[in-house]
S.K.: 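Provided herewith is a single structure, encoded as structure tokens, for subsequent inquiry.
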Amino acid sequence: DSGVTQTPKHLITATGQRVTLRCSPRSGDLSVYWYQQSLDQGLQFLIQYYNGEERAKGNILERFSAQQFPDLHSELNLSSLELGDSALYFCASRSTGEGNTIYFGEGSWLTVV
Amino acid sequence: AQSVTQLGSHVSVSEGALVLLRCNYSSSVPPYLFWYVQYPNQGLQLLLKYTSAATLVKGINGFEAEFKKSETSFHLTKPSAHMSDAAEYFCAVRIGAGSYQLTFGKGTKLSVIP
């Protein structure tokens with residue numbers, strides 16, 4: 001158990017819909033990262049937050065957005081969903097006390113039908 | 001730009017045989033390198049990391065990796081494969097001094113044949 005908690009574990013939704021994925025980082029970790037894993041693109045970095053502020057942005061679509069709340073949990077919002085958005089979405093948090101090691105959650109499986 | 005390349009999307013070994021998973025990196029600065037493992041239907045678990053302290057890095061489950069600057073490599077090895085090692089393995093490099101984000105290779109799926 002990495003200590004990073006993601007919900008829901010599985011989600012099936014229709015095209016055009018909007019979903020929210022939730023992540024709770026390890027206790028004490030201020031940084032949260034979101035990654036997308038798909039068969040064709042592999043593991044792609046989406047976005048990072050540090051203590052509530054956006055720190056880095058990767059290959060995140062404009063239809064996607066994220067935020068980190070004062071209690072440090074984060075949400076990834078995916079809207080106007082397309083079939084190609086079906087993927088495993090990982091959240092990770094960075095532990096400054098362990099040499100900045102990044103720990104991953106179990107992921108949220110999103111299936112768009 | 002920093003990147004990693006994993007040679008071989010699929011590697012099969014016999015139980016008890018040596019496991020060798022290849023990773024080459026490209027970096028203009030001394031890299032921080034990682035190996036993660038993903039078991040079926042699970043998240044990513046850190047196996048080991050290189051942070052310039054020692055070139056031979058020992059990780060969990062009997063895995064180790066050696067950083068070779070002259071070859072720009074960070075191959076993952078295990079002397080004797082177990083059935084439980086069957087998983088997908090990802091090499092990653094840390095980029096962005098401020099963000100510490102990781103860039104991953106495409107992964108190598110390891111199959112262990114009894």
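Keep in mind that the numbers below use all heavy atoms, side chains included, and drop hydrogens, waters and symmetry copies. Chain identifiers are assigned alphabetically (A, B, ...) following the order of the sequence lines, protein sequences preceding nucleic acid strands; residue numbering begins at 1 within each chain.
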S.K.: Please look at B:Phe90 and chain A and tell me whether the side chain, the backbone, both or neither of the residue comes under 4.5 angstrom of a heavy atom of that chain.
M.R.: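 Contact with chain A involves the side chain of B:Phe90 alone.
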
S.K.: Determine whether A:Leu11 and A:Leu88 fall in the same hydrophobic cluster, where Ile, Leu, Val, Met, Phe, Trp and Tyr are linked whenever their side-chain heavy atoms lie under 4.5 Å apart.
M.R.: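 No.
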
S.K.: State, yes or no, whether a side-chain contact exists between A:Phe90 and B:Gln38 at a heavy-atom distance under 4.5 Å.
M.R.: yes

S.K.: Using a 6.0 Å cut-off, check whether atom CG of B:Leu56 has over 12 heavy atoms from anything other than its own residue.
M.R.: yes

S.K.: Got a second to check how far B:Asn41's CG is from A:His10's NE2, nearest 0.5 Å?
M.R.: 7.0 Å

S.K.: Report whether B:Tyr50 and B:Leu48 are members of the same hydrophobic cluster (ILVMFWY, side-chain heavy atoms less than 4.5 Å apart, transitive linking).
M.R.: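 Yes, B:Tyr50 and B:Leu48 fall within the same hydrophobic cluster.
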
S.K.: Determine, using the 4.5 Å side-chain heavy-atom cutoff (strictly less than), whether A:Phe104 and B:Leu46 are members of one ILVMFWY cluster.
M.R.: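 Linked, A:Phe104 and B:Leu46 end up in one cluster.
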
S.K.: With a 4.5 angstrom heavy-atom cut-off, which part of A:Gln44 approaches chain B: side chain, backbone, both or neither?
M.R.: neither

S.K.: Please classify the contact of B:Gln45 with chain A as side chain, backbone, both or neither, using a heavy-atom distance under 4.5 Å.
M.R.: neither

S.K.: Is there a side-chain contact between A:Phe45 and B:Phe104, using heavy atoms and a 4.5 Å cut-off?
M.R.: no

S.K.: Quick one: does A:Asn100's side chain get under 4.5 Å of B:Thr51's, heavy atoms only?
M.R.: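 They are not in side-chain contact.
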
S.K.: State yes or no: are the ring centers of B:Tyr100 and A:Tyr33 separated by less than 6.0 Å?
M.R.: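 No, the ring centres sit 6.0 Å or more apart.
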
S.K.: Against chain B, label A:Tyr50 side chain, backbone, both or neither, depending on which of its atoms sit under 4.5 Å from a heavy atom there.
M.R.: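 For A:Tyr50, no heavy atom lies under 4.5 Å from chain B.
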
S.K.: Sort B:Leu102 into side chain, backbone, both or neither according to what part of it lies under 4.5 angstrom from a heavy atom of chain A.
M.R.: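 It is both, since atoms from each part get that close.
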
S.K.: Which region of B:Tyr32, side chain (C-beta onward) or backbone (N, CA, C, O), has a non-hydrogen atom less than 4.5 Å from a non-hydrogen atom of chain A, or is it both or neither?
M.R.: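 No part of it gets close to chain A.
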
S.K.: Check whether A:Val4 and A:Tyr49 end up in the same hydrophobic cluster, where Ile, Leu, Val, Met, Phe, Trp and Tyr are linked by side-chain heavy atoms less than 4.5 Å apart.
M.R.: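 Shared cluster, no.
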
S.K.: Distance from A:Ile102 atom CD1 to B:Lys49 atom NZ, nearest 0.5 Å?
M.R.: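 Between atom CD1 of A:Ile102 and atom NZ of B:Lys49 there are 10.0 Å.
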
S.K.: Determine whether more than 12 heavy atoms belonging to other residues, nucleotides or ligands lie under 6.0 Å from atom CD1 of A:Ile12.
M.R.: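 For A:Ile12, atom CD1 is not crowded (no more than 12 foreign heavy atoms under 6.0 Å).
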
S.K.: Taking a hydrophobic cluster as the set of Ile, Leu, Val, Met, Phe, Trp and Tyr residues connected by side-chain heavy atoms closer than 4.5 Å, whether directly or through intermediates, do B:Leu18 and B:Leu21 fall within one such cluster?
M.R.: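 Different hydrophobic clusters.
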
S.K.: Is the backbone of B:Gln101 close enough, under 3.5 Å, to the side chain of A:Arg94 for a donor and an acceptor to pair up by distance?
M.R.: no

